[in-house]
Number of protein chains: 2
Amino acid sequence: MDQFVSTFTNKIDTKGRVSVPASFRTVLAKDGLDGIYCYPSLDAPALDAGGQRLIDKINHLVEDLAPYSDERDQLATALFGTSEILTIDQDGRTILSERLREHAGITSHITFVGLGEKFQLWEPERFDKHLAESRNKVRDLRKLLGAGRRGSGGPEGARE
Amino acid sequence: MDQFVSTFTNKIDTKGRVSVPASFRTVLAKDGLDGIYCYPSLDAPALDAGGQRLIDKINHLVEDLAPYSDERDQLATALFGTSEILTIDQDGRTILSERLREHAGITSHITFVGLGEKFQLWEPERFDKHLAESRNKVRDLRKLLGAGRRGSGGPEGARE
DNA sequence: GCAGTTTCCATTGACGCCCATGTAATCCCA
DNA sequence: TGGGATTACATGGGCGTCAATGGAAACTGC
């Protein structure tokens, strides 16, 4: 598997260490980054994270904007300026900086959420709420998509 | 056969293991996934499951949305975030996480329901009810469609 | 020398792997 | 065609390995 899938909740120990889920470590290793690229999510109290592929994507995103434009500088600042490369120790654990933890309201536990090409870090309780909302919105979204996507699918619409 | 067909009910043993129906395993193997991609159904107390083909479909759904948009993250959260890749051991058995079992109300037995390109996992009694309702709906639908639309498959298909 | 940090080792529990058994469907041969 | 043999599959249990976690030891900068 080369994608971040599923969610895992792990504990932060007294030294601030957290185990990165083994399956996520596998994806990162294949991705060719010895660490985790991580920055505060733009529109959620969470952290976005990923490997080399994510860095490349963000690079492209920025490069697509006009050079020296305000937008470009702002985007670059918002993303790169707040990013960190988290190291992973020999036991597969990492340490989040105070600034990152603070943005996500993380204290004693972290929920790792796979989103395919990247993943997010959440404070567990906040994530529960967020997930409930997301599922509701997707239910609505699916109705919209449904009509156009009947392909071979049958009455199920776009849920797949 | 490259489709999930028929229903099977198997027992969960003391370690939480269930045999995946042999015919389903065959389909999964051909599909090129060494495991089961599985997530809670959005609108039923059941689990949706499938192989690589199902993953690809979801990938396309997500990739069609703008990068870093709210919508995209929500869709990815609701789909990838709640998904798990279940492993299949050498005897053809798998283990469902507490989270998955809970969503479907599964305790001691699981009903595997083939839906063609994917399949579902149900708590047996709930599935019985669900099947009865589905058959009624199909009967109604058939009346509406009338004589002109007796498609290829036959109206009895378990496809929801 | 001390505080904070990183590396290494130990524990525990979950999961994967192996082997054994029962049962039902299938095949083969008379 | 009937009955025994064989195979395939579902199920049960023992054991080794690995991941998550806790703590000790080594290291670094002040």
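Here is how names work: the chains are called A, B, and so on, in the same order as the sequence lines, proteins then strands, and each is numbered from 1.
One distance of note links CG of A:Leu100 with CD1 of A:Ile95; it measures 12.5 Å at 0.5 Å rounding.
The main-chain N or O of B:Ser41 is found under 3.5 Å from a side-chain atom of B:His103 such that the two form a donor-acceptor pair. Formation of a donor-acceptor pair under 3.5 Å by the A:Asp91 side chain with backbone atoms of A:Arg93 is not found in this model.
Sequence order on DNA chain D of the closest nucleotides to B:Lys11 and A:Asp91 puts B:Lys11 first from the 5' end.
Of the charged side-chain nitrogens involved, none lies within less than 4.0 Å of a carboxylate oxygen, so that A:Arg72 and A:Glu63 do not count as a salt-bridged pair. Ion pairing of A:Asp48 with A:Lys118 is present here, as a side-chain N (NZ or NE/NH1/NH2) and a carboxylate O approach within less than 4.0 Å. Taking 4.0 Å as the cut-off between side-chain N and carboxylate O, A:Glu117 and A:Arg53 do not count as a salt-bridged pair.
Side-chain proximity of B:Arg93 to D:dA20, D:dG22, D:dG12: nearest is D:dG12.
Looking at heavy atoms from C-beta onward, A:Leu121 lies out of side-chain contact with A:Thr111 at the 4.5 angstrom threshold. Using a 4.5 Å cut-off on side-chain heavy atoms (C-beta onward), A:Trp122 and A:Leu131 make no contact.
Note that the two end axes of the helix from C:dG1-D:dC30 to C:dA30-D:dT1 enclose an angle of 40°, each drawn from 5 base pairs, rounded to 10 degrees.
Backbone-only contact: B:Thr87 has heavy atoms under 4.0 Å from sugar-phosphate atoms and none from a base. Contact annotation for A:Val18: no contact, since no heavy-atom pair falls under 4.0 Å across all strands.
A donor N or O paired with an acceptor N or O is found under 3.5 Å between the base of D:dG14 and the side-chain atoms of B:Lys15.
Here D:dT17 presents its P atom at 18 Å from CG of B:Asp89, a figure rounded to the nearest Å.
First and last contacts of DNA chain C with chain A, using any nucleotide atom under 4.0 Å from a protein heavy atom and ordered 5' to 3', fall at C:dT6 to C:dC9.
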